[in-house]
Amino acid sequence: MYEIKLELKDKLLDGRTISNLAKKIGVSRVHLSYILNGKLTTTKTTAYVIVKSCDSEAEIEDYFYKKA
């Protein structure tokens with residue numbers, strides 16, 4: 001499971017709204033909000049899609065911690 005690095009949330013979004021990003025990647029706004037606010041961990045696949053949709057050059061580990 002992966003948990004967002006809260007200090008990098010604003011850098012990841014870079015002016016995008018959570019609603020627009022949620023539509024783009026195909027998850028609910030509430031679910032994405034929980035992930036980006038650190039209240040919910042996510043799978044590797046979802047973390048990958050979030051990161052790549054915001055920054056195609058970044059890796060998952062740039063924005064998420066891997067939880068055991």
Side-chain angles (χ1 to χ4, degrees):
M1 299 305 281
Y2 289 81
E3 183 177 359
I4 187 82
K5 294 179 181 177
L6 288 175
E7 64 275 8
L8 298 176
K9 174 184 147 186
D10 291 333
K11 181 181 174 189
L12 178 66
L13 287 175
D14 191 32
R16 296 173 190 85
T17 64
I18 292 176
S19 296
N20 288 340
L21 183 58
K23 283 181 189 177
K24 182 176 180 180
I25 64 174
V27 298
S28 74
R29 181 187 54 79
V30 173
H31 185 73
L32 183 58
S33 178
Y34 281 177
I35 293 169
L36 296 179
N37 287 319
K39 296 179 182 178
L40 188 65
T41 59
T42 190
T43 63
K44 182 177 182 177
T45 305
T46 304
Y48 178 85
V49 171
I50 292 169
V51 170
K52 291 299 182 177
S53 66
C54 293
D55 183 358
S56 62
E57 300 296 318
E59 298 297 324
I60 297 172
E61 293 79 19
D62 295 341
Y63 292 100
F64 286 86
Y65 298 111
K66 185 174 183 178
K67 302 294 253 180

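Just so it is clear, the values below take in all heavy atoms, side chains as well, and ignore hydrogens, waters and symmetry mates. Keep in mind that what you see is a predicted model, and the values were worked out from it rather than measured.
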For the atom pair CG (Leu32) and CD1 (Ile25), what is the distance rounded to the nearest 0.5 Å?
5.0 Å

Atom NZ in Lys44, atom NZ in Lys66: separation rounded to 0.5 Å?
6.5 Å

First locate atom NZ of Lys52, then atom OH of Tyr63, and finally report the distance between them rounded to the nearest 0.5 Å.
10.5 Å

Answer with yes or no whether the hydrophobic clustering places Ile60 together with Tyr34; edges join I, L, V, M, F, W, Y residues whose side-chain heavy atoms lie under 4.5 Å apart.
yes

Would you list the pairs meeting salt bridge (charged side-chain N to carboxylate O under 4.0 Å, His left out) in which at least one residue belongs to residues 13-42, sequence neighbours left out?
none

Indicate, with yes or no, if Leu12 and Met1 share a hydrophobic cluster defined by side-chain heavy-atom contacts under 4.5 Å among Ile, Leu, Val, Met, Phe, Trp and Tyr.
no

How long is the straight-line distance from CG of Leu36 back to CD1 of Ile50, given to the nearest 0.5 Å?
5.5 Å

Hey, does the side chain of Lys5 reach the backbone of Glu61 with a donor-acceptor pair shorter than 3.5 angstrom?
yes

Taking every heavy atom of Thr42 against every heavy atom of Phe64, the minimum-distance pair comes out as CG2-CE2, 4.0 Å

Nearest non-hydrogen partners of Gly38 and Leu6, listed with the distance:
N-CD2, 3.7 Å

Please check this pair: side chain of Thr46 against backbone of Thr43, looking for a donor-acceptor N/O pair closer than 3.5 Å.
no

Same cluster for Val49 and Leu13 if Ile/Leu/Val/Met/Phe/Trp/Tyr side chains link at under 4.5 Å?
yes

If every non-hydrogen atom of Ile18 is compared with every non-hydrogen atom of Ser33, which pair is closest and at what distance?
CG2-N, 4.0 Å

May I ask you to check whether over 12 heavy atoms, not counting those of Glu57, lie within 6.0 Å of atom CD?
no

If you define the side chain from C-beta out and look only at heavy atoms, does anything of Leu40 sit under 4.5 Å from His31?
yes

